Amino acid sequence: MSVRCRFAPAPSGSLHVGNVRSALFSWLWARHNGGAFVLRVEDTDTSRVTEEAFLGVLEDLRWLGLDWDEGPQVGGPNAPYRQSQRGDHYDESLATLLAAGHAYRCYCSAEELEERREASRSRGEAPGYDGRCRSLATEQIAAYEAEGRAPVVRFRMPDGEQVIHDLVKGEVRWAAGELRDFVIVRADGSPVFLLAVAVDDLAMGVTHVVRGDDLLAAAPRNVAVIEALGGTPPVYAHVPQVVGPDRKPLSKRHGSTSVQAFREQGFLPEAMVNYLALLGWSPGDDRERMTRDELIVAFDLSRVSSNPAAFDTEKLTWLNNHYIQSLDDDDLAARCVHFLVEAGVGVDPVVLRQAMPLVKERMKTLAEVVELLRFLFSDDIELNDKAMGILAKAPDGYLKAAAGALDACPGWDAEQISHALDGLAQGAGLNRTKGWQPIRAAVTGSNVSPPLPESLALLGRERTLERVRAAEG
RNA sequence: GUCCCCAUCGUCUAGUGGCCUAGGACGCUGCCCUUUCAAGGCGGAAGCACGGGUUCGAAUCCCGUUGGGGGCACCA
């Protein structure tokens with residue numbers, strides 16, 4: 001049987017990197033096995049779902065290159081792929097479960113349940129549902145109905161020990177009676193996650209469920225429902241949570257951990273995918289920088305680590321720089337445009353393209369292109385403090401001499417500019433560092449810039465001279 | 001409270017009883033290269049949570065302790 005993996009996010013706007021890693025592992029496993037990757041959106045909680053949030057999730061996955069074979073915008077034999085549109089499937093399964101006695105109506109009110117939970121808690125017992133409505137007499141049901149109570153539907157957990165053979169966690173057991181009967185349909189008739197997931201995984205022929213280990217305890221419940229429906233449960237792989245630097249599960253508290261935030265900061269999808277793949281998984285050898293195809297070949301769910309991994313932006317950043325360096329100049333320039341425009345910097349595409357070799361090993365994120373190259377596209381140069389300091393320390397008349405030397409430079413390419421600058425520095429008795437910094441400060445407004453001669457060559461002689469002369473005063 | 005999961009450098013990891021004087025990577029750090037900043041090259045510091053076993057031998061197996069995390073919802 002061919003492998004079918006799925007990713008089933010709640011539509012949250014933008015996925016956070018922990019979710020994305022689950023999606024990535026699921027996708028890698030599908031691709032590794034030449035199987036299918038199914039996307040299903042868990043939007044049963046219709047009250048808080050917006051169309052924008054739904055589209056945001058799809059956008060994130062597309063940007064990362066995690067393509068799906070079945071799902072929203074793509075279709076497939078099991079459409080629709082939004083749980084909010086699959087009510088008839090749940091109704092049908094519910095009828096089956098009820099008819100076979102695998103589920104029953106529970107009339108306990110929220111207050112009654114809470115009261116009994118507290119009582120068992122104070123007795124030191126597990127606080128779950130006590131099974132009171134498991135086998136109600138007909139008269140009792142009639143009495144509840146007469147009271148106007150609206151029942152929920154609970155799933156009757158099978159007796160006996162429950163065992164999950166998890167690809168990551170190994171064999172996990174729950175003693176008989178530990179897993180209580182849980183609600184599968186609310187009093188208002190809407191299906192709960194635990195029903196919807198089981199019904200959908202079964203209907204969609206999912207063979208492997210890869211998800212966060214916060215859902216580990218849901219697995220035996222999922223299995224029980226699927227088996228009650230006469231199906232064969234999938235294999236589960238519960239990957240550990242991604243945690244923040246403080247070792248707490250990733251949340252809003254850790255700031256911008258959404259895919260969208262990383263994208264806006266100028267991280268490449270190639271870097272995100274590579275980094276996330278390494279978070280909790282390794283190929284078993286020393287490889288770290290791996291292409292998408294290499295990851296697909298090497299990926300193995302059984303090699304996923306079973307302990308939580310801390311998200312390390314530093315390492316992501318290192319990989320991002322690596323991928324920026326590996327892009328060809330046209331590609332890199334195209335990706336930079338957005339960030340320059342966003343920063344209000346007008347761009348000359350030809351010059352931008354020519355500037356790429358100067359900045360690619362200096363950029364940790366695409367967003368940094370703005371500070372690196374602003375001086376090329378804007379003549380409105382503001383000197384930073386260090387630049388002012390450098391200019392203040394330059395010998396008297398040095399900038400005037402610089403203007404003269406550059407004006408006299410026979411040709412305007414990096415090599416000849418470099419030669420002219422050397423002549424200038426030597427004439428003033430300065431080494432390159434001391435001799436070139438004032439020019440850098442005057443022209444770029446900063447003590448730090450891409451290589452100077454190449455930068456001046458791109459800037460052009462006239463604009464260079466204007467800035468050097470302006471800095472004199 | 002109870003059940004479950006987890007525990008190798010600061011971080012991600014390799015390691016599945018002898019190959020471990022615990023390997024790699026990020027970060028940190030020294031040197032080299034160098035027009036600034038990077039990038040790059042070559043070095044360095046840094047770890048098996050603790051306590052008991054099992055074994056000729058344990059990072060690796062078992063038990064316990066401690067410390068994290070998750071479940072026990074008409075949330076997903």
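All figures in this text were calculated on a predicted structure; none of them were measured in a lab. We name chains A, B, ... by the order of the sequence lines, and we start the count at 1 in each one.
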Task: Under 4.0 Å protein heavy-atom contact, by nucleotide of nucleotides 32-51 of chain B - B base, S sugar-phosphate only - done: ---BBBBS------------
- [ ] Taking atom P in both B/G69 and B/G53, compute the distance separating them and give it to the nearest angstrom.
- [x] 32 Å
TODO: Would you check if there is a donor-acceptor pair between the side chains of A/Glu361 and A/Asn321 at a distance under 3.5 Å?
DONE: no
Task: Between A/Arg440 and A/Gln437: side-chain donor-acceptor atoms closer than 3.5 Å - done: yes
TODO: Determine which nucleotide pairs with B/U2, using a 3.5 Å limit on both distances of a Watson-Crick or G-U wobble pair.
DONE: B/G71
Open item on the list: Could you check whether atom CZ of A/Arg156 has more than 12 heavy atoms from other residues, nucleotides or ligands sitting under 6.0 Å from it?
Closed with: yes
- [ ] Measure from NZ on A/Lys169 to C1' on B/A7 and round the result to the nearest Å.
- [x] 12 Å
- [ ] Give a yes/no answer on whether the side chain of A/Arg303 brings an N or O atom under 4.0 Å of OP1 or OP2 in B/G15.
- [x] yes
- [ ] Using the P atom as the reference point in each nucleotide, state the distance between B/A14 and B/A25 in Å, no decimals.
- [x] 15 Å
- [ ] May I ask which nucleotide in the shown strands pairs with B/A25, Watson-Crick or G-U wobble, both distances under 3.5 Å?
- [x] B/U11
- [ ] Tell me whether the OP1 or OP2 atom of B/C74 has a side-chain N or O from A/Arg105 closer than 4.0 Å.
- [x] no
Open item on the list: Could you tell me how far B/G27 sits from B/G44 if I compare only their C1' atoms? Round to whole Å.
Closed with: 14 Å
Task: First encountered from the 5' end of RNA chain B, between A/Trp174 and A/Lys315 - done: A/Trp174
Open item on the list: Checking A/Tyr107 against A/Glu145 for the side chain to side chain donor-acceptor pair (under 3.5 Å) test, could you report, in this order, the C-alpha distance in whole Å, the side-chain angles of both residues, the deciding distance, and whether it holds?
Closed with: CA-CA 9 Å; A/Tyr107 292 87; A/Glu145 294 283 355; 2.5 Å; yes
- [ ] With A/Tyr275 as reference, evaluate A/Phe267, A/Trp281, A/Phe262, A/Phe311 under the ring-ring contact (aromatic ring centres under 6.0 Å, His included) test and give the passing residue.
- [x] A/Phe311
TODO: Output yes when a side-chain donor or acceptor of A/Asp166 lies under 3.5 Å from a complementary backbone atom of A/His238, and no otherwise.
DONE: yes
Task: Gap between atom CH2 of A/Trp174 and atom CD of A/Glu161 - 0.5 Å precision - done: 10.5 Å
Open item on the list: Side chain of A/Ser306, heavy atoms from C-beta onward: which of B/A7, B/C74, B/A76 has the nearest atom to it?
Closed with: B/A7
Open item on the list: When both hydrogen-bonding distances must be under 3.5 Å and the geometry is Watson-Crick or G-U wobble, what is B/C19 paired with, if anything?
Closed with: none
TODO: Determine the contact category for A/Ala187: base if any of its heavy atoms lies under 4.0 Å from a base atom, sugar-phosphate if only primed atoms, P, OP1 or OP2 are that close, otherwise nothing.
DONE: base
Open item on the list: For a quick check of understanding: with a heavy-atom distance under 4.0 Å over all strands, which category does A/Gly280 fall into, base, sugar-phosphate or nothing?
Closed with: sugar-phosphate
Task: Rounded interatomic separation in angstrom, taking CG from A/Asp286 and P from B/A22 - done: 17 Å
Heteroatom pairs (N/O) under 3.5 angstrom, protein to nucleotides 61-72 of chain B:
| from | atom 1 | to | atom 2 | distance (Å) |
| --- | --- | --- | --- | --- |
| B/G69 | OP1 | A/Lys248 | NZ | 2.2 |
| B/C72 | O2' | A/Gly128 | N | 3.2 |

TODO: Please state the C1' separation for the pair B/A7 and B/C28 - nearest whole angstrom.
DONE: 24 Å
Task: B/U11 and B/C37, which share atom name P, separated by this distance in whole Å - done: 31 Å
TODO: Find out whether A/Glu368 and A/Phe339 are in side-chain contact, i.e. whether some heavy atom of one side chain is under 4.5 Å from a heavy atom of the other.
DONE: no
TODO: Can you tell me the distance, in whole Å, between the CG atom of A/Asn307 and the P atom of B/A7?
DONE: 5 Å
- [ ] Specify the separation, in whole Å, of atom CZ of A/Arg149 and atom C1' of B/C74.
- [x] 14 Å
- [ ] Write down the distance between CG (A/Asp285) and P (B/A25), rounded to a whole number of angstrom.
- [x] 13 Å
- [ ] Using the P atom as the reference point in each nucleotide, state the distance between B/U13 and B/C20 in Å, no decimals.
- [x] 23 Å
Open item on the list: Looking at A/Glu382 and A/Arg374, is any side-chain nitrogen of the basic one under 4.0 Å from a carboxylate oxygen of the acidic one?
Closed with: no
TODO: Starting from P on B/A73, measure out to CD on A/Glu111 and report it in whole angstrom.
DONE: 16 Å
- [ ] For A/Val152, answer base if it contacts any base atom (sugar-phosphate contacts may also be present), sugar-phosphate if it contacts only those atoms, and nothing otherwise; contact means non-hydrogen atoms under 4.0 Å.
- [x] base
- [ ] Before giving the answer on side chain to side chain donor-acceptor pair (under 3.5 Å), spell out for A/Asn274 and A/Glu270 the whole-Å C-alpha distance, their side-chain angles and the decisive distance to 0.1 Å.
- [x] CA-CA 6 Å; A/Asn274 193 158; A/Glu270 295 91 326; over 6 Å; no
- [ ] Could you pick out which residue, A/Ala150 or A/Gly284, lies toward the 5' side of RNA chain B when each is mapped onto its nearest nucleotide?
- [x] A/Gly284
TODO: Identify the nucleotide, in any strand shown, that forms a Watson-Crick or G-U wobble pair with B/A49, with both distances under 3.5 Å; if there is none, say none.
DONE: B/U65
Open item on the list: What is the separation between atom CG on A/Leu195 and atom P on B/A73, rounded to the nearest whole Å?
Closed with: 18 Å
Task: Nearest-Å distance for atom pair CE/P, residues A/Met290 and B/A14 - done: 13 Å
Task: Inter-nucleotide C1' distance (B/A45, B/U29), Å rounded - done: 7 Å
TODO: May I ask you to say whether A/Glu118 pairs ionically with A/Arg116, meaning some side-chain N is under 4.0 Å from a carboxylate O?
DONE: no
- [ ] State whether A/Glu111 and A/Arg117 are salt-bridged, where the test is any N-O pair (Lys NZ or Arg NE/NH1/NH2 against Asp/Glu carboxylate O) under 4.0 Å.
- [x] no
Task: C1' gap between B/C31 and B/G68, integer Å - done: 40 Å
Task: Sugar-phosphate, base or nothing in reach of A/Arg211, heavy atoms under 4.0 Å - done: nothing
